[in-house]
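Quick notes on the structure that follows.
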2 protein chains.
Amino acid sequence: MVQSKTELFEEELKTQAAWFKVLAHPARLKILQYLSEANSCITGDLSEELPLGRTTVNQHIKELKEAGLIQGHIEGVRTKYCLNPEKIAEVKAVIEEFLSALNAGDYECK
Amino acid sequence: MVQSKTELFEEELKTQAAWFKVLAHPARLKILQYLSEANSCITGDLSEELPLGRTTVNQHIKELKEAGLIQGHIEGVRTKYCLNPEKIAEVKAVIEEFLSALNAGDYECK
DNA sequence: GTTTTTTGACGTATATTTGCGTCAAAACAA
DNA sequence: TTGTTTTGACGCAAATATACGTCAAAAAAC
């Protein structure tokens with residue numbers, strides 16, 4: 001009886017919430033930040049950059065990949081990770097849209 | 001052995017991730033949206049607006065309250081819910097900051 | 001060929017979140 | 001006083017997320 005009920009909400013809300021969820025863990029933010037700061041594709045063990053084991057970091061990378069935010073290109077034994085500019089733009093747009101609709105300034109709350 | 005390791009990350013990342021997490025459920029987005037659209041304080045059963053039971057909705061309201069995004073003023077038997085403009089502004093600022101730092105446009109990814 | 005390096009897939013244990021039922025307190029009406 | 005309405009607190013069960021160990025596949029080094 002504790003079935004997920006998120007599917008009962010409007011599509012837009014679900015999409016927005018899903019994006020927020022992808023970003024709701026410091027490890028994933030860190031990975032995105034790192035790739036962004038590197039300003040290029042990265043080869044090698046991302047897990048050395050964060051306080052987590054390799055497997056766990058891979059798990060987070062996988063989530064980011066599934067969300068489309070990063071891409072991985074196999075390069076021999078290694079994999080090159082890159083941000084996906086289109087999806088980054090998309091996530092920015094979706095979140096901006098939600099935030100700009102949030103208006104809390106025009107009434108007295110007492 | 002599966003202790004939370006989020007505390008091992010930098011403060012800023014933790015703060016950002018925590019805000020994303022608050023917004024990572026459609027019910028909470030809906031509540032915020034509803035209060036925002038009403039453009040005033042709301043009395044009465046919010047749960048009629050969403051496809052969840054009263055207790056569950058209260059749970060989400062509680063989380064939003066603990067995050068500071070909404071305030072509740074007791075008004076006799078009822079409670080008036082309002083957005084908290086300062087916190088809304090804060091969350092917007094924190095998220096904007098993260099997003100604007102995310103730069104994926106300047107390199108070739110092949 | 002064999003070995004090494006790197007990564008993903010899989011399984012597992014614990015932690016946290018989600019959803020709700022039940023109960024109790026508070027304010028009001030009768 | 002005795003109900004009635006509204007809400008928060010508490011606790012439970014199921015679902016999901018976190019963190020990681022182990023193993024296997026693929027490419028390169030030997």
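Chain naming here is simple, since letters A, B, ... match the order of the sequence lines and numbering starts at 1 in each.
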What integer distance in Å separates B:L50:CG from C:dT18:P?
-> 13 Å
Under 4.0 Å between a side-chain N/O of A:Y81 and OP1 or OP2 of C:dG8, yes or no?
-> yes
Strand contacts (DNA chain C) in residues 61-69 of chain B, 4.0 angstrom heavy-atom criterion | B:E63
Given the rule in the side chain to side chain contact (heavy atoms under 4.5 Å, CB included) test, do B:E90 and B:W19 qualify, once you have shown the distances and angles that lead to the verdict?
-> CA-CA 10 Å; B:E90 189 183 325; B:W19 276 125; 4.0 Å; yes
Show your reasoning for whether side chain to side chain contact (heavy atoms under 4.5 Å, CB included) applies to A:L23 and A:R28.
-> CA-CA 6 Å; A:L23 300 175; A:R28 293 193 287 274; over 6 Å; no
Starting from P on C:dT7, measure out to CG on A:D45 and report it in whole angstrom.
-> 6 Å
Once you round it to whole Å, what is the distance between C1' of C:dG8 and CD1 of A:I70?
-> 13 Å
Considering only heavy atoms from C-beta outward, does the side chain of A:H60 approach that of A:I31 to under 4.5 Å?
-> yes
Whole angstrom is fine here: how far is it from CG in B:L52 over to C1' in D:dA15?
-> 15 Å
Check whether any side-chain heavy atom of A:T79 sits under 4.5 Å from a side-chain heavy atom of A:T43, and report yes or no.
-> no
Please check if the side chain of A:T15 supplies one atom and the backbone of A:E11 the other of a donor-acceptor pair under 3.5 Å.
-> yes
Do A:Y81 and A:K65 have side-chain heavy atoms sitting under 4.5 Å apart?
-> yes
Would you mind reading off the distance between A:I31 atom CD1 and D:dA19 atom P, rounded to a whole angstrom?
-> 11 Å
Picking from D:dA9, C:dT7, D:dT22, the nucleotide nearest the side-chain atoms of B:T55 would be D:dA9
Sugar-phosphate atoms are those with a prime plus P, OP1 and OP2; base atoms are the rest. Using that split, label each nucleotide of nucleotides 23-30 of chain C B, S or - for protein heavy atoms under 4.0 Å, 5' to 3'.
-> ----SS--
Just wondering, do B:F98 and B:V94 contact through their side chains at under 4.5 Å, heavy atoms?
-> no
Do B:C82 and B:I70 come within less than 4.5 Å of each other through their side chains, counting heavy atoms only?
-> no
Measure from the side chain of A:N58, starting at C-beta and using heavy atoms only, and say which of C:dG8, D:dA19, C:dC20 lies closest.
-> C:dG8
Near DNA chain D, which residues from residues 15-29 of chain B have a heavy atom under 4.0 Å away?
-> none
Between A:H60 and B:R78, who's closer to the 5' end of DNA chain D by nearest nucleotide?
-> B:R78
Spacing between A:H73 atom NE2 and C:dT7 atom C1', to the nearest angstrom = 16 Å
B:E37: what forms a side chain to side chain contact (heavy atoms under 4.5 Å, CB included) with it, not counting sequence neighbours?
-> B:Q33
Sequence neighbours excluded, every pair satisfying ring-ring contact (aromatic ring centres under 6.0 Å, His included) that has a member inside residues 34-53 of chain B = none
B:R54: what forms a side chain to side chain contact (heavy atoms under 4.5 Å, CB included) with it, not counting sequence neighbours?
-> B:D45, B:S47, B:N58
